[in-house]
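These notes concern the structure reproduced below.
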2 protein chains.
Amino acid sequence: MTESRVFKALGDPLRLRIVQRLSSESHHTISTLSEDLGLTRQGARRQIQVLVDAQILRLQPVGRETRVTLDVSTLETAREWITSLERQWDQRLMALKTLVEATPTN
Amino acid sequence: MTESRVFKALGDPLRLRIVQRLSSESHHTISTLSEDLGLTRQGARRQIQVLVDAQILRLQPVGRETRVTLDVSTLETAREWITSLERQWDQRLMALKTLVEATPTN
DNA sequence: CAAAAAGGCAACAAGATTGTTGCATTTTAT
DNA sequence: ATAAAATGCAACAATCTTGTTGCCTTTTTG
């Protein structure tokens, strides 16, 4: 499953905080995010890279700093994966219900 | 972030397969899932427990076997978390666009 | 009742993850 | 031209994670 990488990247409180910040505020760099998280720069950098590998974030070097932005399309794909799973589940329940109603009570 | 536990649980190909199977087919036990995954029973049990801890699965002992079922409400919550994040992002883009349009070009 | 089926718990080794420190490079500001 | 700012890369130690094996208990079946 390709999606597992995305979910795995989201599966950490710190990384979830990063994603949340990026969704609501603009102009973040590796340094500003490090300060926000209370980690060393390299510590935060690690976490950011996990999100970049999962294509949830994008890095854009601008001069001496690196701009960090969100790639919402990846999140959308993840959301849709869950949605289709829920749909499958609903269909199965529906089929089961129909089956029960069609079966005469003994 | 409470959701990180759910995402983390989904962040593994094997576990994702378990969830997918449970959404489409019924009557699964720990043993049948083990066979499906090609792991030892204890190996599969570990993975199942991760999903149970994240409240994505429920276990229900029936006689000597243990029925495994999906708890879709947890998946729904996770999906909604993503949705609200996307909404926040959209709002920010919208605000930015308005700002740009209102600023006279120099 | 004895054997098979389904499971539980704990210990282990191999890998993966995390956050830190140390040091080098590039860009910007004084 | 320096100094400060923003990063990068690599090595480490401390933790998790994973799948296996070994052994014990409970429930069903013949």
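Chain A is the first sequence line, chain B the second, and so forth, proteins listed ahead of strands; every chain is numbered from 1. Because only heavy atoms are used, hydrogens play no part in the values below, and waters and symmetry mates are left out as well, while side chains stay in.
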Distance-only criterion, 3.5 Å: show the donor-acceptor pairs between side-chain atoms of residues 7-18 of chain B and protein atoms not counting sequence neighbours.
from, atom 1, to, atom 2, distance (Å)
B/Asp12, OD1, B/Leu14, N, 2.9
B/Asp12, OD1, B/Arg15, N, 3.1
B/Arg15, NE, B/Ala9, O, 2.7
B/Arg15, NH1, B/Gln47, OE1, 2.8
B/Arg15, NH2, B/Lys8, O, 3.3
B/Arg17, NH2, B/Asp36, O, 3.0

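Residue pairs that meet the side chain to side chain donor-acceptor pair (under 3.5 Å) test with at least one member in residues 50-68 of chain A, sequence neighbours left out, are A/Gln49-A/Asp53. Listed by first and then second residue, the ring pair (Phe, Tyr, Trp, His ring centres under 6.0 Å) pairs that reach into residues 53-75 of chain A come to none, sequence neighbours excluded. Sorted by first then second residue, the ring pair (Phe, Tyr, Trp, His ring centres under 6.0 Å) pairs that include residues 31-52 of chain B, not counting sequence neighbours, number zero. Sequence neighbours left out, not one pair with a member in residues 25-77 of chain A passes ring pair (Phe, Tyr, Trp, His ring centres under 6.0 Å).
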N/O to N/O distances under 3.5 Å, protein versus nucleotides 11-13 of chain D:
from, atom 1, to, atom 2, distance (Å)
D/dA11, N6, A/Arg46, NH2, 3.4

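With a 4.5 Å cut-off on side-chain heavy atoms, B/Thr77 and B/Val6 do not count as touching. When side chains are defined from C-beta on, A/Ser26 counts as touching B/Arg92, because their heavy atoms get closer than 4.5 Å. Counting heavy atoms from C-beta outward, A/Leu75 and A/Ile56 have side chains that approach closer than 4.5 Å.
Of the residues in residues 4-24 of chain B, not one places a heavy atom less than 4.0 Å from an atom of DNA chain C. Taking a 4.0 Å limit (strictly below) on heavy-atom distances, residues 57-65 of chain B reaches DNA chain C at B/Arg64, B/Glu65. The stretch residues 26-43 of chain A touches DNA chain D through A/Thr29, A/Ile30, A/Ser31, A/Arg41, A/Gln42, each having a heavy atom within less than 4.0 Å of the strand.
Computed from coordinates, the A/Arg45 CZ to C/dT20 P distance equals 16 Å when rounded to whole Å. Atom CD of B/Gln49 and atom C1' of D/dT17 are 14 Å apart (whole Å).
Partners of A/Ser23 according to the side-chain hydrogen bond (donor to acceptor under 3.5 Å, both in side chains) rule, which considers only residues two or more places apart in sequence or in another chain, are B/Gln88. Contacts of A/Gln20 classified as side-chain contact (heavy atoms from CB on, under 4.5 Å), with partners at least two apart in sequence or in another chain: B/Met1, B/Trp81, B/Leu85. For A/Ser73, the side-chain hydrogen bond (donor to acceptor under 3.5 Å, both in side chains) partners are A/Asp71, not counting sequence neighbours.
Around the CZ atom of A/Arg5, the shell of radius 6.0 Å holds no more than 12 heavy atoms that belong to other residues, nucleotides or ligands.
A pairwise comparison of heavy atoms in B/Ile30 and B/Val68 identifies N-CG2, 4.0 Å as the closest pair.
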